[in-house]
Amino acid sequence: MDTRAFNGTKTDDSPHHKLSDKRGWYINWDEYFMAIALVSAQRSKDPVTQVGACIVNKDNRIVGVGYNGMPNGCSDDDLPWGKSSTNILETKKFYVCHAEMNAIMNKISSNIEGCTIFVSLFPCNECTKIIIQSGIKSVVYYDDKNIHKAEAKASQVMLKKANIHIRYYMNFSVEC
Ligand SMILES: Nc1ccn([C@H]2C[C@H](O)[C@@H](COP(=O)(O)O)O2)c(=O)n1
Ligand SMILES: [Zn+2]
């Protein structure tokens with residue numbers, strides 16, 4: 001697993017640091033939520049692209065987690081994981097549930113309006129539509145290897161129009 005998300009930033013937000021001996025070297029919220037998205041991706045059976053997503057509310061509570069996989073009840077041994085067949089029905093394209101969709105479907109709160117979704121890969125157009133309809137207001141992404149694709153360009157157009165804040169996950173590890 002890519003460990004870039006785990007490089008804890010040296011944080012010392014306690015004015016009483018010296019008195020309390022509070023530990024100062026802990027991961028921040030962004031690092032925590034992205035690490036959960038990345039570790040969730042490791043559950044995926046997709047041989048090419050593993051994606052994870054973690055939805056967080058305004059109180060920094062996790063309200064949904066997911067990764068890309070086959071639909072419930074559809075054995076992931078029976079449906080295709082490849083993408084090279086000339087018959088599109090023999091590729092994963094029409095079958096895989098994307099991580100973002102699964103995280104939203106797995107939500108433990110009836111209302112996820114105003115939440116942030118941490119995703120290990122920039123969302124495709126289909127997931128972007130679901131993100132918008134769910135009321136999620138912010139997207140933080142880790143990897144944008146698909147950004148040149150038309151799907152990602154459509155995502156950008158829709159996210160902008162829907163006033164959804166989108167930012168690249170950056171993890172600065174500062175030694176001092
Ligand atoms: N934001 C995304 C983008 C992709 N996925 C999933 C769907 C597939 O399992 C795979 C894409 O396959 P590839 O064309 O990269 O071989 O990644 C997702 O869950 N979320
Ligand atoms: Zn998607």
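Numbering of ligands and ligand atoms starts at 1, following listing order. All of these numbers come straight from a predicted model, not from anything done at the bench.
- Of the possible donor and acceptor atoms, none in the side chain of N102 sits under 3.5 Å from a partner among the backbone N and O of N68.
- Considering only residues two or more places apart in sequence or on other chains, E126 meets the salt bridge (charged side-chain N to carboxylate O under 4.0 Å, His left out) condition with K129.
- Residues L159 and V51 are members of separate hydrophobic clusters, defined by side-chain heavy-atom contacts under 4.5 angstrom among Ile, Leu, Val, Met, Phe, Trp and Tyr.
- Side-chain polar atoms of Q50 and S44 form no donor-acceptor pair below 3.5 angstrom.
- Judged purely by atom type and a 3.5 angstrom limit, N87 uses its side chain to pair as donor or acceptor with the backbone of L89.
- With respect to the Zn ion (ligand 2), H98 has ND1 as its nearest N, O or S atom.
- Two residues are said to be in side-chain contact when any heavy atoms from C-beta on lie closer than 4.5 Å; N57 and I112 fail this criterion.
- Near ligand 1, residues D46, V48, T49, V51, N68, K83, K92, V96, H98, A99, E100, L121, F122, P123, C124 come within 4.0 angstrom through at least one heavy atom.
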